[in-house]
Protein chains: 2
Amino acid sequence: MKMEGGSTPNALLGLLSLRPMSGYDIRQMVAQSIGHFWSESYGQIYPGLKRLAAAGLVEKKTERNKGKPDRNLYSLTAEGRERLHEWLKIPVSDEVARNELLLKLFFGAHVSTSVNRDHVASNMEFHQRALKVYTATAKQLRKEEANDPNLSYWLMTLNYGRHYSVAMLKWCRETLAELDEIESKGKRRR
Amino acid sequence: MKMEGGSTPNALLGLLSLRPMSGYDIRQMVAQSIGHFWSESYGQIYPGLKRLAAAGLVEKKTERNKGKPDRNLYSLTAEGRERLHEWLKIPVSDEVARNELLLKLFFGAHVSTSVNRDHVASNMEFHQRALKVYTATAKQLRKEEANDPNLSYWLMTLNYGRHYSVAMLKWCRETLAELDEIESKGKRRR
DNA sequence: GAGATCATGTAATATGTTACATGATTTT
DNA sequence: AAAATCATGTAACATATTACATGATCTC
């Protein structure tokens with residue numbers, strides 16, 4: 001009954017703690033709720049649920065529907081809930097997240113400034129879009145989930161995103177200015 | 001001769017563009033230079049170099065040493081350099097980085113506030129340490145690599161880290177305050 | 001003499017995405 | 001009639017870490 005340390009099965013347990021869901025539901029839920037810092041593909045979700053069921057951490061109930069296809073609804077068992085709580089207590093390992101933008105920028109001297117500028121500019125657009133989503137989602141949550149005990153925690157994760165995107169926009173502006181300077185220096189030298 | 005889209009082989013090409021290196025060197029170099037946004041393990045590096053050599057993108061020269069073990073020095077070929085440049089031009093795909101801290105915090109209502117506080121506090125310490133490293137590294141680079149054409153780009157990646165960590169420290173402080181509030185509310189209710 | 005560092009590499013394992021396969025219903 | 005959505009699942013492939021295996025020299 002050894003359950004691996006991976007966070008994916010624990011993410012599944014966490015999501016099922018909100019309400020019983022099918023694999024399909026989970027995929028949608030991830031995109032809507034934790035999509036700004038997490039992702040799961042069907043190839044992880046379906047086999048993952050199966051393994052969790054085999055370990056007795058979740059329970060499967062097949063819901064038959066006329067017309068629509070059957071849904072396999074999974075819900076947390078007492079043991080599953082306990083396992084989730086245990087995992088939540090384990091300290092988060094701070095490992096470096098790989099950042100392809102920075103990797104390309106680190107070797108940026110090999111290509112023209114315009115190439116680097118494009119990378120930074122599209123990152124800037126990304127964070128501008130993200131900021132709008134964070135603001136809208138926070139507003140919506142405050143209204144629709146006003147009494148949910150999870151609300152404060154959900155807002156914390158949104159606030160993380162907000163701080164992050166604001167900082168990144170500032171960095172993008174600074175970096176674009178620096179790239180302009182590099183370019184004008186290059187021209188002067190010619 | 002199909003080369004995969006993965007960024008690891010391209011990271012290797014980039015590092016070898018700085019100077020010829022052995023697999024061992026590369027590991028050290030990653031930790032020192034791009035360690036705050038990238039990581040590579042030996043299990044990726046050695047087989048990776050082998051594949052790059054087979055594809056003609058790098059060249060291997062064995063350096064025999066008295067006493068010390070032999071070193072396999074790899075250097076970029078013209079084709080490898082070209083491949084690196086091509087890759088640098090490809091737009092960066094903005095996919096969500098998984099964040100385990102946020103995942104745990106999202107489900108934070110299941111555990112006590114002190115558990116959540118611990119997670120945030122250790123993240124705070126992480127960024128305090130990181131900030132010191134960024135500052136020290138920037139200072140050192142400005143001195144030692146003053147004439148390197150890469151300098152500006154290296155400083156950009158460090159500046160990214162600085163902005164990021166500053167923002168995260170702010171978020172940590174806000175979040176710790178919010179957790180304190182949640183706790184005092186919980187006590188009042190009893 | 002014990003442990004760290006130099007140095008290379010493979011094997012086992014873990015983790016993850018994408019493509020494929022299927023098929024009904026609902027929307028345009 | 002076509003396309004999107006609902007729904008489940010597997011197989012192939014890609015990517016990455018960790019443990020193992022080896023052995024010398026250098027430092028305490």
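Below, each value reflects all heavy atoms present in this structure, side chains not excepted, and no hydrogens, waters or symmetry copies. Order of the sequence lines fixes the chain letters, A, B, ..., with proteins taken first and strands second; residue numbering starts at 1 for each chain.
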Starting from [atom2] on [N], measure out to [atom1] on [X] and report it in whole angstrom.
X     : N      : atom1 : atom2 : result
A:L73 : D:dC6  : CG    : P     : 15 Å
A:Y46 : D:dA12 : OH    : C1'   : 19 Å
A:R71 : C:dA24 : CZ    : C1'   : 15 Å
B:D70 : C:dA7  : CG    : P     : 10 Å
B:Y74 : C:dT8  : OH    : P     : 8 Å
B:R64 : C:dC6  : CZ    : C1'   : 17 Å
A:R51 : C:dT13 : CZ    : C1'   : 13 Å
B:I45 : C:dT8  : CD1   : C1'   : 12 Å

Regarding [X] and [Y], is there a side-chain donor-to-acceptor distance under 3.5 Å anywhere?
X      : Y      : answer
B:E145 : B:N150 : no
B:N72  : B:S22  : no
A:T8   : A:E40  : yes

Would you say [X] reaches [N]'s phosphate, i.e. side-chain N/O to OP1/OP2 under 4.0 Å?
X     : N      : answer
A:K50 : D:dT8  : no
B:T8  : D:dT15 : no
A:R98 : D:dT15 : no

Inset, instruction - Check whether the ring centres of A:F107 and B:Y153 lie less than 6.0 Å apart, and answer yes or no. - result: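 That pair fails the under 6.0 Å test.
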
Inset, instruction - Compare the minimum distances between each of C:dT10, C:dG9, D:dT8 and the side chain of B:P47, then state the nucleotide with the smallest one. - result: C:dT10

Inset, instruction - Flag the pair A:R117 and A:D180 as a salt bridge only when some basic side-chain nitrogen lies within less than 4.0 angstrom of an acidic carboxylate oxygen. - result: yes

Inset, instruction - Using heavy atoms and a sub-4.0 Å distance, could you list which residues of residues 12-44 of chain A are near DNA chain C? By number, please. - result: A:S39, A:S41, A:G43, A:Q44

Legend entry - B:F37 six-ring face occupied by A:R98 cation (under 6.0 Å, within 45°): no

Inset, instruction - Decide whether a cation-pi geometry holds between A:R71 and A:Y24; the criteria are a distance under 6.0 Å from NZ or CZ to the six-membered ring centre and an angle within 45° of the ring axis. - result: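 Because its charged atom misses either the 6.0 Å distance or the 45° angle limit, A:R71 does not stack over A:Y24.
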
